[in-house]
Structures are given as C-alpha cells and as structure tokens.
Amino acid sequence: MKKFAAGLIAVAMSVTMLVGCGVPANTVHSVDDLEGKTIGVQLGTTGDIYAEDVKDAKVEKYNKGADAVQALKQGKIDAVIIDAEPAKVFVEKNDDLEILDEPFAEEEYAIAMKLDNTELQTAVNGALKELKADGTLDAIKANYVGENAGKNPYKSPDNVSRDKGTLVMATNAEFPPYESKENDKVVGIDADMMQAVCDKLGYELKIDDMAFDSIISAVQSGKADVGVAGMTVTPDREKNVLFSDTYTSSSQVIIVRKK
C-alpha cells in the first residue's frame, strides 16, 4: 500500500510539474507593461532598435519575425514588437495571439541607396511622385491589404523600355505583406512597388533575398542598387545610406498572447 500510495504521489507531482511548465499567462496589456519584460524582435529591424530603449527589458533577436512569434506562442518571450501589416498576417494565422490597440511607434518607409548616388535618388523620387499621383501605389497596397486583397495584382505596362539595364533590389522576404516567398519568387508590396518604379525608369528589376541586417551593407558595397524591405528612415541609417522620399507609412505594434 505504501508503494502504491507513493506511486500516486509521484504521478500527482509529475502532473503538477507539467502544468507548471505550461505557457505563462500574458502580462503585457499596454506599452507601459513592456518594462522589465522579455521582448522578441527581428534582428536589425526598427522593432529591434525601439525595443532596446524599453527600460529593463531583455531583447531576444530572431532572424525571422515568424521565429519571434513562435517563441511568443511557446511562452519563451512576453511580447513581439513588429510592423503592423506583418503583425496582422501573423495574428490571422494564430488565433491565440492578438495585437494591442495602442501602437508602439509610428514610422515611414523609404528606399535605401548608396550615400553618393544622388542621381538615382532623384530618379526614384520622380517615379514615386508619379506613382502616388496616378494611384498606382495605393492600388498596389490594396492588392495585399484589405477586403480586395489579391483581386488587382500589379502588371507592367506593355512595351516598357529596359534600356537602363538591371537594378538590383536587396530585401528580406520574411516580412509579409511587404515581401515574402511564393514558389521561390519574392512577392509583396515592396516587390510590386519597385517593379513599378523600374517600369517608369527603364530598368529590369532583380531581387536579391538576404538577411535583413545585411541589406544596408549590400547597398553600401554596391552589391545592390537599392534596399527595400519595409525599411524605416532613422538618423542612424541616414549616416550609412541615402533614402528616397517616403512611399508608405506604418506603425510598430505589440503582439501578445490572448491569455
């Protein structure tokens, strides 16, 4: 009987230990709650930069936003700071997660170029101005975000000249809906936007997928002509690359577990 009772106690203790090892309850309900918490970010992104400023927070850096989200689901971190549009995609696919109503920060996205490439900057800004004026940029975003997503994909005009040669775009295809992989092809808002810019300027577009924190180096070294990856204009980045005019605005948000 003693052995039997001891066995029951051991089983009960094991069950208790298993329950105790479960995913912890969410304790982040506002921006202020991030203080002292463990925050997941994608390495080199604006979320990474902002998270470092949160008081007493521990910042876990992941190569992919999806990896940070998975860590959140597993209870390894308390929250994820990431761009609003990718956040919506992740939450749509994970019904145990939610986005806090309060945004973490507002930001603007632009195209990065080599510091001395003012000629390309002027040309790109001219193309962006035309694409904004004729509604092309809004149409491209609407094809990936909202109720009409997927209904009106961007198509290059017929008989577009490609006499300027090839323009290489460095990106990180882990940031839907701005860029992601579909059958080994990089697709998304940024890919279509740059295709539209190239159509205006007479370039053939080539997209080079790489780690996010390698993009600026690729532009600086000339490996890529532009860096386009939902990249926010920041003072530190402006020391290393030249930026185009803003092509869209967004916000950094906080993803947490629902419970």
Side-chain angles (χ1 to χ4, degrees), residues 15-109 144-146 149 171-182 186-190 209-215 229-232 234 248-259:
V15 170
T16 301
M17 290 174 66
L18 285 171
V19 171
C21 291
V23 176
N26 174 44
T27 57
V28 178
H29 305 285
S30 70
V31 172
D32 292 340
D33 291 338
L34 288 173
E35 184 175 327
K37 298 297 195 301
T38 302
I39 304 170
V41 298
Q42 184 176 359
L43 181 66
T45 62
T46 315
D48 184 356
I49 296 169
Y50 289 147
E52 291 289 354
D53 293 330
V54 178
K55 185 178 179 181
D56 298 329
K58 179 182 179 182
V59 182
E60 295 288 350
K61 304 171 190 280
Y62 299 87
N63 288 324
K64 302 177 182 178
D67 293 341
V69 169
Q70 187 61 30
L72 175 64
K73 289 170 62 70
Q74 295 170 348
K76 295 178 180 179
I77 57 179
D78 299 304
V80 173
I81 297 178
I82 196 169
D83 178 271
E85 297 304 335
K88 291 174 187 175
V89 174
F90 289 130
V91 168
E92 285 174 1
K93 295 179 180 179
N94 296 277
D95 58 11
D96 54 339
L97 302 179
E98 64 182 358
I99 300 169
L100 297 187
D101 292 335
E102 181 184 7
F104 186 83
E106 302 295 332
E107 57 188 359
E108 295 183 334
Y109 290 165
Y144 290 94
V145 179
T171 194
N172 173 242
E174 299 289 345
F175 203 58
Y178 291 97
E179 40 266 319
S180 59
K181 279 286 188 70
E182 187 177 285
V186 177
V187 299
I189 294 171
D190 285 346
D209 182 25
M210 62 184 67
F212 185 89
D213 61 346
S214 298
I215 293 174
M231 189 172 290
T232 306
T234 67
T248 191
S249 58
S250 187
S251 59
Q252 290 288 314
V253 298
I254 303 166
I255 305 178
V256 297
R257 295 182 295 275
K258 285 183 177 180
K259 299 180 180 179

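- Looking at Glu98 and Asn26, their side chains never bring a donor and an acceptor atom within 3.5 Å of each other.
- Between the NZ atom of Lys73 and the CG atom of Asp96 there is a distance of 3.5 Å, given to the nearest 0.5 Å.
- With Glu106 contributing its side chain and Ser251 its backbone, the two residues share no donor-acceptor pair below 3.5 Å.
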Q: Let me see the working for Thr27 and Asp33 under side-chain contact (heavy atoms from CB on, under 4.5 Å), right down to the final yes or no.
A: CA-CA 7 Å; Thr27 57; Asp33 291 338; over 6 Å; no
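- Between atom CG of residue Asn172 and atom OH of residue Tyr178 there is a gap of 14.5 Å, rounded to the nearest 0.5 Å.
- Atom CD1 of Ile254 is separated from atom CG of Asp78 by 11.5 Å, given to the nearest 0.5 angstrom.
- You'll find the side chain of Thr45 stays beyond 4.5 Å of the side chain of Ile82, heavy atoms only.
- When every heavy atom of Ala79 is checked against every heavy atom of Leu34, the shortest pair comes out as CB-CD2, 3.8 Å.
- At a threshold of 4.5 Å between non-hydrogen side-chain atoms, the residues Glu85 and Phe175 do not count as touching.
- Using a 4.5 Å heavy-atom cutoff, the side chains of Pro177 and Lys88 are not in contact.
- Of the candidates Asp67, Ile39, Leu43, Ile77, Ile77 is the only one forming a side chain to side chain contact (heavy atoms under 4.5 Å, CB included) with Glu60.
- In this structure, CD on Glu174 lies 10.0 Å from OG1 on Thr171, to the nearest 0.5 angstrom.
- Closest approach of Gln42 and Asp48 over heavy atoms only: O-CB, 3.6 Å.
- Gln74 places none of its side-chain heavy atoms less than 4.5 Å from the side chain of Val23.
- Within a 6.0 Å sphere centred on CD of Glu182, heavy atoms belonging to other residues, nucleotides or ligands number 12 at most.
- Across every non-hydrogen atom of Gly47 and Val41, the tightest pair is O-CG1, 3.5 Å.
- The closest side-chain heavy-atom distance from Asn94 to Ile255 is not below 4.5 Å.
- Looking only at side-chain heavy atoms (C-beta outward), Val54 and Phe104 come within less than 4.5 Å of each other.
- Thr38 and Lys76 get closest at one heavy-atom pair: CG2-O, 4.2 Å.
- No more than 12 heavy atoms of other residues, nucleotides or ligands shown are found within 6.0 angstrom of NZ on Lys55.
- The minimum heavy-atom distance between Ala68 and Gly40, with the atom names listed, is CB-C, 4.2 Å.
- The CG atom of Asn63 sits 11.5 Å away from atom NZ of Lys61, with the distance rounded to the nearest 0.5 Å.
- Annotation: side chain of Lys181 is in contact with side chain of Val186 (closest heavy-atom distance under 4.5 Å).
- Across every non-hydrogen atom of Ala51 and Val59, the tightest pair is O-CG2, 3.6 Å.
- Taken to the nearest 0.5 Å, the OH atom of Tyr62 stands 9.0 Å off from the CG atom of Leu72.
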(Q) Using side-chain contact (heavy atoms from CB on, under 4.5 Å), reason through Val187 and Glu179 one step at a time and then give a plain yes or no. (A) CA-CA 5 Å; Val187 299; Glu179 40 266 319; over 6 Å; no
